[in-house]
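Each remark here refers to the structure printed beneath this line.
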Amino acid sequence: MAGCAATWHAPSDFTYTPISAGKYTLATYQHLSDTTSPIHIYIEGDGNSFNARGVPTSDPTPHGTFVRDMATRDTSPNVVYLARPCQYIMSPACTRSDWTDGRFSPDIIDSMTQAIKTLAQNRPIVLIGYSGGAMVSGMVINQNPKMNIVHWITVAGVLNHSDWTAHFGDKPLTKSLNMTALPRVPQTHYIVSGDRVVPNHLSHKWVGAEKLIEITNATHDRIPELQLSF
């Protein structure tokens, strides 16, 4: 975390806490002050998975701070920023597939599921997923129907990677699971007007218009201080 700490400092009421989950150790920043109130868990996007030429990187740790900033602005009593496997912490199990064609693999979803359950400790859960983190959060909910999800929120989210890669003519994510149906939980989806990473027509295909909130004067990774509705 040294490189990250040099450019971003968590507020004093957030504690950096690595947690073991499945095959990976995941980076978290936690502010937990109430044992019964809902916990808001913010799930990071795909991070720095590819360089500007589309070549896989050796480290998927995100360069931007959008999701961390969004989490630490949340004034709820229980808030957690949850990184994806191999971001910030390169576990022995990590391979390049974990942030490329296998970014939504069974091992990845299992790890994120275990982390969310460990963090929640029987509290009601609000899951907030950004970009590829939206897909992760949705699949966790679909695979765990007894999990106490009170609201699912996505921001500029990928919700079907087959549609997404086909749109850009990219290689399919052959080692990943896909989400073909939205979870049946209360949900809100924020999209960015003119998003070049997750095109709006795909978001409209995946989500009914009544559940979409469009953000203007923003880009996929440059979103002003977003005020989410819980």
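Quick caveat, the model's predicted, so the values are computed rather than measured. No hydrogens, no waters, no symmetry mates; every other heavy atom, side chains included, goes into these values.
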Practice task
Work out which heavy atom in C86 is nearest to a heavy atom in T61; give both atom names and the distance.
Solution key: O-OG1, 4.3 Å
Exercise for the section: Please state whether the rings of H31 and F14 are parallel, tilted or perpendicular, taking 30° and 60° as the class boundaries. Expected result: tilted
Handout entry: Pairs satisfying ring-ring contact (aromatic ring centres under 6.0 Å, His included), at least one member in residues 32-55, at least two apart
Key = H40-F230
Problem - Nearest-0.5 Å distance, OG1 of residue T17 to CG of residue L82 - result: 11.5 Å
Handout entry: Main-chain N/O of D46 paired to S49 side chain as donor or acceptor, under 3.5 Å
Key = yes
Handout entry: Identified side chain to side chain donor-acceptor pair (under 3.5 Å) counterpart of S97 within the set T95, T100, D101
Key = D101
Problem - Residue pair D59 / T57, side-chain donor-acceptor N/O under 3.5 Å - result: no
Exercise for the section: Check whether any side-chain heavy atom of I153 sits under 4.5 Å from a side-chain heavy atom of Q187, and report yes or no. Expected result: no
Exercise for the section: Give, for atom CG of L119 and atom CD1 of I125, the distance between the pair rounded to the nearest 0.5 Å. Expected result: 9.0 Å
Problem - Heavy-atom donor-acceptor pair, S91 side chain to T25 backbone, under 3.5 Å - result: yes
Problem - Donor-acceptor under 3.5 Å (Q87 side chain, G45 main chain) - result: yes
Handout entry: Nearest non-hydrogen partners of T154 and L159, listed with the distance
Key = CG2-CD2, 4.3 Å
Exercise for the section: State, without any angle test, whether H161 and S176 hold a side-chain donor-acceptor pair at a distance under 3.5 Å. Expected result: no
Handout entry: Heavy-atom side-chain proximity of D195 to V198 below 4.5 angstrom
Key = yes
Practice task
Would you mind reporting whether I213 and H189 have side-chain heavy atoms less than 4.5 Å apart?
Solution key: no
Exercise for the section: May I ask you to decide if G64's main-chain N or O and D221's side chain share a donor-acceptor pair within less than 3.5 Å? Expected result: no
Problem - Any side-chain donor near an acceptor of the partner, E44 and Y81, under 3.5 Å - result: yes
Handout entry: Working for side chain to side chain donor-acceptor pair (under 3.5 Å), residues S131 and H220
Key = CA-CA 8 Å; S131 195; H220 183 79; 2.9 Å; yes
Practice task
Look at the side-chain heavy atoms of Ile, Leu, Val, Met, Phe, Trp and Tyr, link any pair under 4.5 Å apart, and say whether I191 and I223 land in one connected group.
Solution key: no
Exercise for the section: Could you tell me whether the side chains of D69 and W8 share a donor-acceptor contact shorter than 3.5 Å? Expected result: yes
Practice task
Would you name the heavy atoms of T165 and S162 that are closest together and state the gap between them?
Solution key: OG1-O, 3.3 Å
Exercise for the section: Look up atom CD in Q143 and atom CE in M147, then write down how far apart they are to the nearest 0.5 Å. Expected result: 9.5 Å
Practice task
Answer yes if F104 and L182 sit in the same cluster of Ile, Leu, Val, Met, Phe, Trp and Tyr residues linked by side chain heavy atoms under 4.5 Å apart, and no otherwise.
Solution key: yes
Exercise for the section: Could you walk me through whether D98 and R103 pass side chain to side chain contact (heavy atoms under 4.5 Å, CB included), step by step? Expected result: CA-CA 5 Å; D98 291 331; R103 73 189 78 171; over 6 Å; no
Handout entry: Ring-face cation of R84 near W99 (centre distance under 6.0 Å, axis angle within 45°)
Key = no
Handout entry: Salt-bridge present (D163, K205; N to O < 4.0 Å)
Key = yes
Problem - Exercise: do S193 and E214 side chains pair donor with acceptor under 3.5 Å - result: yes
Exercise for the section: Can you establish whether the number of heavy atoms outside R184 located under 6.0 Å from its atom CZ is more than 12? Expected result: no
Problem - Interatomic distance, H151 atom NE2 to L228 atom CG [nearest 0.5 angstrom] - result: 9.0 Å
Exercise for the section: For the residue pair P183 and I149, establish whether any side-chain heavy-atom pair is separated by less than 4.5 Å. Expected result: no
Problem - Shortest non-hydrogen separation from N78 to S37 and the atoms involved - result: ND2-O, 3.1 Å
Handout entry: Non-hydrogen side-chain atoms of N160 and N178 separated by less than 4.5 Å
Key = yes
Exercise for the section: State, to 0.1 Å, how close L26 and A115 come at their nearest heavy-atom pair, and which atoms those are. Expected result: CD1-CB, 3.6 Å
Handout entry: Pair Y16 and H9, ring centroids less than 6.0 Å apart
Key = no
Exercise for the section: Give the minimum heavy-atom separation between T35 and R123, together with the two atoms involved. Expected result: O-CG, 3.5 Å
Exercise for the section: Determine yes or no for a side-chain-to-main-chain donor-acceptor pair under 3.5 angstrom, with W164 supplying the side chain and V197 the backbone. Expected result: yes
Exercise for the section: Would you check, one step at a time, whether the test side chain to side chain contact (heavy atoms under 4.5 Å, CB included) holds for M112 with S137? Expected result: CA-CA 8 Å; M112 298 297 287; S137 57; over 6 Å; no
Problem - In one Ile/Leu/Val/Met/Phe/Trp/Tyr side-chain cluster, 4.5 Å: L127, M70 - result: no
Problem - Euclidean distance, L32 CG relative to T28 OG1, rounded to 0.5 Å - result: 8.5 Å
Exercise for the section: Give the C-alpha distance, both sets of side-chain angles, the deciding distance and a yes or no for side chain to side chain contact (heavy atoms under 4.5 Å, CB included) between L212 and H204. Expected result: CA-CA 8 Å; L212 290 173; H204 281 271; 3.6 Å; yes
Exercise for the section: Consider only side-chain heavy atoms of I, L, V, M, F, W and Y, link residues closer than 4.5 Å, and tell whether Y130 and V140 are in one cluster. Expected result: no
Problem - L177 side chain near P106 side chain, heavy-atom distance below 4.5 Å - result: yes
Handout entry: Within 6.0 angstrom of N122 CG, more than 12 heavy atoms from elsewhere
Key = no
Problem - Within-4.5 Å side-chain heavy-atom neighbours: F66 and V155 - result: yes
Exercise for the section: Examine L202 and I215 and state if one hydrophobic cluster contains both, with Ile, Leu, Val, Met, Phe, Trp and Tyr joined whenever side-chain heavy atoms are less than 4.5 Å apart. Expected result: no
Practice task
Please examine the side chains of I39 and V80, heavy atoms only from C-beta on, and report whether any two atoms are closer than 4.5 Å.
Solution key: yes
Exercise for the section: For R196 and T219, run side chain to side chain contact (heavy atoms under 4.5 Å, CB included): C-alpha distance rounded to whole Å, both residues' side-chain angles, the deciding distance at 0.1 Å, then the answer. Expected result: CA-CA 8 Å; R196 295 185 179 182; T219 63; over 6 Å; no
